[in-house]
2 protein chains.
Amino acid sequence: MDKTFAVISSIPLFSGLSPGQIEAITAIATEKRLARNQTVFTEGDPARGFFIVAEGKVKIFKLSIDGKEQILHIYGPGQPFGEVPMFAGGKFPANAQTLVASRLIFLPRRDFARLLAVHPSLAMNMLAVLSRRLREFTVQIENLSLKEVPGRLAAYLLYLCSEQDASDKVRLPISKGQLASLLGTIPETLSRIFSKMTDQGMINVRGRWITIANRQAMEELALEGRLIV
Amino acid sequence: MDKTFAVISSIPLFSGLSPGQIEAITAIATEKRLARNQTVFTEGDPARGFFIVAEGKVKIFKLSIDGKEQILHIYGPGQPFGEVPMFAGGKFPANAQTLVASRLIFLPRRDFARLLAVHPSLAMNMLAVLSRRLREFTVQIENLSLKEVPGRLAAYLLYLCSEQDASDKVRLPISKGQLASLLGTIPETLSRIFSKMTDQGMINVRGRWITIANRQAMEELALEGRLIV
DNA sequence: GACATTTTTTGATTTAAGTCAAGGCAAGCC
DNA sequence: GGCTTGCCTTGACTTAAATCAAAAAATGTC
């Protein structure tokens with residue numbers, strides 16, 4: 001439980017809260033350990049609470065009838081997920097599965113709701129988290145409908161760059177197959193775009209390591225662009 | 001101002017609040033009247049508050065560099081919009097424009113934030129609104145990436161059906177061109193799909209009035225489907 | 001009613017990306 | 001070593017939807 005306290009106090013969602021508030025949150029939290037590729041919850045499941053990644057990696061995804069998956073998010077340490085049904089309806093709107101062995105913190109709905117009502121600052125933090133997520137979704141919809149796949153890939157690689165604050169060499173946090181799904185496409189298409197970009201001297205690919213060779217071209221592509229075939 | 005009070009008290013966001021709380025909200029609210037096709041705000045604008053539609057219709061949309069637009073939402077009476085920057089960063093993540101002459105209620109950021117801190121139930125309502133919106137976005141992303149255009153149209157028409165609680169005859173709330181953008185496509189494609197569906201006896205189209213002739217087929221299409229050409 | 005403007009439809013063509021099928025490559029295992 | 005397994009790449013082909021261009025309807029205005 002001590003470890004849980006340490007994790008909880010370092011989470012952005014709970015930043016700025018008093019030690020007493022963190023203590024109260026820790027008191028209602030439980031820990032879950034899951035191996036790789038385990039289901040956390042399934043779309044439509046009644047939600048009795050939400051989760052925070054303490055360690056590991058979780059993907060949130062939707063499935064079409066014929067089994068194709070669209071990854072909505074990949075969450076890592078410190079990031080909460082599954083909070084939507086806390087406040088709107090009681091069912092999870094998507095699926096969650098671990099990508100690697102993970103440790104999750106579970107916060108029960110009822111208990112957490114009670115805390116929220118008592119601590120306005122907690123509610124404000126929660127509002128900030130949801131708003132930021134809404135903004136990300138806005139960008140994702142924009143990307144899906146306004147950009148072609150190369151543009152989405154360029155935007156993602158540049159995002160990774162800033163994320164890992166590397167100037168030009170990044171490591172994909174997920175397999176290329178998973179990346180394809182995150183970008184709303186399929187592995188074959190992604191592979192072809194990787195090699196096309198390489199041919200044009202924009203990037204170099206070595207397994208999961210990507211080096212950005214021509215940042216300006218990548219930025220243009222991410223903004224609007226079309227890949228010159 | 002009396003009229004503003006009436007509007008505010010009928011808004012879901014403020015449901016369950018005491019008359020005193022509604023009064024406090026009314027006190028900080030101002031009204032804006034806008035003609036058709038007027039810009040409410042532009043992506044990147046610093047947000048000094050958010051809006052509620054009192055009367056009329058507002059579209060929220062993103063633009064690509066070459067001017068193509070993707071409509072994210074259409075909001076009607078009673079619906080708040082532009083609240084994201086209230087809590088995350090200070091800039092609007094998309095554009096807003098009136099579709100018809102509209103009356104909007106504006107709530108200044110600072111004043112509203114103060115109210116939120118004082119009234120936990122208001123914060124809880126806000127959390128519910130944002131969560132619901134997040135869920136809608138989840139569905140929209142799913143639709144954009146997992147379904148083809150006919151499937152998206154079918155899903156939208158069925159949604160309209162339940163919305164207007166009509167058994168089989170619905171009226172499009174927006175022009176077909178706007179609908180195309182909402183569905184992530186272009187007018188030509190939408191038009192062709194309308195006539196293909198009509199040929200197959202699934203629907204009948206008469207201007208903005210659509211009758212669902214074969215509900216089962218529409219439901220299948222909305223679920224996964226492909227249009228049999 | 002007639003005019004001008006906007007919206008919708010239709011046709012011909014191009015193109016991005018999906019599908020199907022096969023092969024390559026690396027990692028781990030017996 | 002040879003073998004399986006999972007992941008990635010390549011090639012040939014198909015297809016949904018975008019683009020370009022123009023006509024046809026609908027709508028509002030004087």
Side-chain angles (χ1 to χ4, degrees), chain A residues 36-37 64 66-71 99-100 143-154 171-199 203-210 221 224-229, chain B residues 35-37 59 64-71 97 99-101 143-154 171-200 203-210 221 224-229:
Chain A
R36 183 168 185 263
N37 290 335
S64 73
D66 43 318
K68 261 197 306 187
E69 83 172 30
Q70 160 74 31
I71 297 182
L99 287 175
V100 296
N143 283 344
L144 277 175
S145 62
L146 261 29
K147 285 183 201 151
E148 299 175 343
V149 184
R152 290 179 235 160
L153 175 59
R171 186 181 148 78
L172 300 180
I174 46 177
S175 76
K176 288 179 185 170
Q178 302 277 353
L179 177 58
S181 162
L182 186 62
L183 297 176
T185 185
I186 55 171
E188 292 96 318
T189 298
L190 182 62
S191 176
R192 285 183 239 270
I193 290 168
F194 264 130
S195 54
K196 212 176 280 176
M197 283 181 167
T198 305
D199 289 349
I203 56 173
N204 287 307
V205 184
R206 183 165 274 281
R208 284 199 185 178
W209 285 98
I210 319 273
L221 196 55
E224 64 127 359
R226 200 133 313 184
L227 196 57
I228 305 114
V229 190
Chain B
R36 183 166 184 262
N37 289 334
K59 73 172 171 191
S64 74
I65 293 253
D66 43 318
K68 261 197 307 187
E69 83 172 29
Q70 161 74 34
I71 297 182
Q97 207 173 38
L99 287 175
V100 297
N143 283 343
L144 278 175
S145 61
L146 260 30
K147 284 183 201 152
E148 298 174 345
V149 183
R152 290 179 234 158
L153 175 59
R171 187 182 148 78
L172 300 179
I174 46 177
S175 76
K176 288 178 186 170
Q178 302 279 352
L179 177 57
S181 163
L182 187 62
L183 297 176
T185 185
I186 55 171
E188 293 95 316
T189 299
L190 183 62
S191 175
R192 285 183 237 273
I193 291 168
F194 265 130
S195 54
K196 212 176 279 178
M197 282 181 167
T198 304
D199 289 349
Q200 293 185 22
I203 56 173
N204 287 307
V205 184
R206 184 165 272 282
R208 285 200 184 176
W209 285 98
I210 319 273
L221 197 55
E224 64 126 358
R226 200 133 314 184
L227 195 58
I228 306 115
V229 189

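Letters A, B, ... mirror the listed sequences (proteins, then strands); counts begin at 1.
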Inset, instruction - Answer whether the closest heavy-atom distance between the side chains of A/I210 and A/M197 falls below 4.5 Å. - result: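 SC-SC contact between A/I210 and A/M197 ruled out.
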Inset, instruction - Report the end-to-end axis angle of the helix from C/dG1-D/dC30 to C/dA22-D/dT9; each axis comes from five terminal pairs, and the value is rounded to 10°. - result: 50°
Find the distance [X]:[atom1] to [N]:[atom2] and express it as a whole number of Å.
| X | N | atom1 | atom2 | answer |
| --- | --- | --- | --- | --- |
| A/I193 | D/dC8 | CD1 | C1' | 15 Å |
| B/Q178 | C/dT7 | CD | C1' | 11 Å |
| B/K147 | D/dA16 | NZ | C1' | 17 Å |
| A/E148 | C/dT15 | CD | C1' | 9 Å |
| A/L144 | D/dA17 | CG | P | 15 Å |
| B/R36 | D/dG28 | CZ | P | 9 Å |
| B/D199 | C/dT9 | CG | P | 13 Å |
| A/R208 | D/dT9 | CZ | P | 12 Å |

At their closest point, which heavy atom of [X] faces which heavy atom of [Y], and how far apart are they?
| X | Y | value |
| --- | --- | --- |
| B/Q178 | B/L99 | NE2-CD2, 3.8 Å |
| A/L144 | A/G184 | CD2-CA, 4.2 Å |
| B/P187 | B/G177 | CG-CA, 4.2 Å |
| B/V205 | B/K176 | CG1-NZ, 3.5 Å |
| B/R152 | B/L183 | NH1-O, 2.5 Å |

Inset, instruction - From the options C/dT8, D/dT19, C/dT19, select the nucleotide whose nearest atom is closest to the side chain of A/R192. - result: C/dT19
Legend entry - Among D/dA18, C/dA16, C/dT9, the one nearest B/I186 by side-chain distance: D/dA18
Counting only side-chain N and O atoms of [X], is one of them less than 4.0 Å from OP1 or OP2 of [N]?
| X | N | value |
| --- | --- | --- |
| B/S195 | C/dT9 | no |
| B/K176 | C/dT9 | yes |
| A/T189 | C/dG18 | yes |

Inset, instruction - Output yes when a side-chain donor or acceptor of B/S181 lies under 3.5 Å from a complementary backbone atom of B/I71, and no otherwise. - result: yes
Inset, instruction - Using a cut-off of 6.0 Å, state whether more than 12 heavy atoms not belonging to B/R171 lie near its atom CZ. - result: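 More than 12 within 6.0 Å, yes.
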Legend entry - B/R208 atom CZ, over 12 foreign heavy atoms within 6.0 Å: yes
Inset, instruction - Mark up nucleotides 21-27 of chain C, 5' to 3', with B wherever a protein heavy atom is under 4.0 angstrom from a base atom, S wherever such an atom reaches only the sugar-phosphate, and - elsewhere. - result: -------
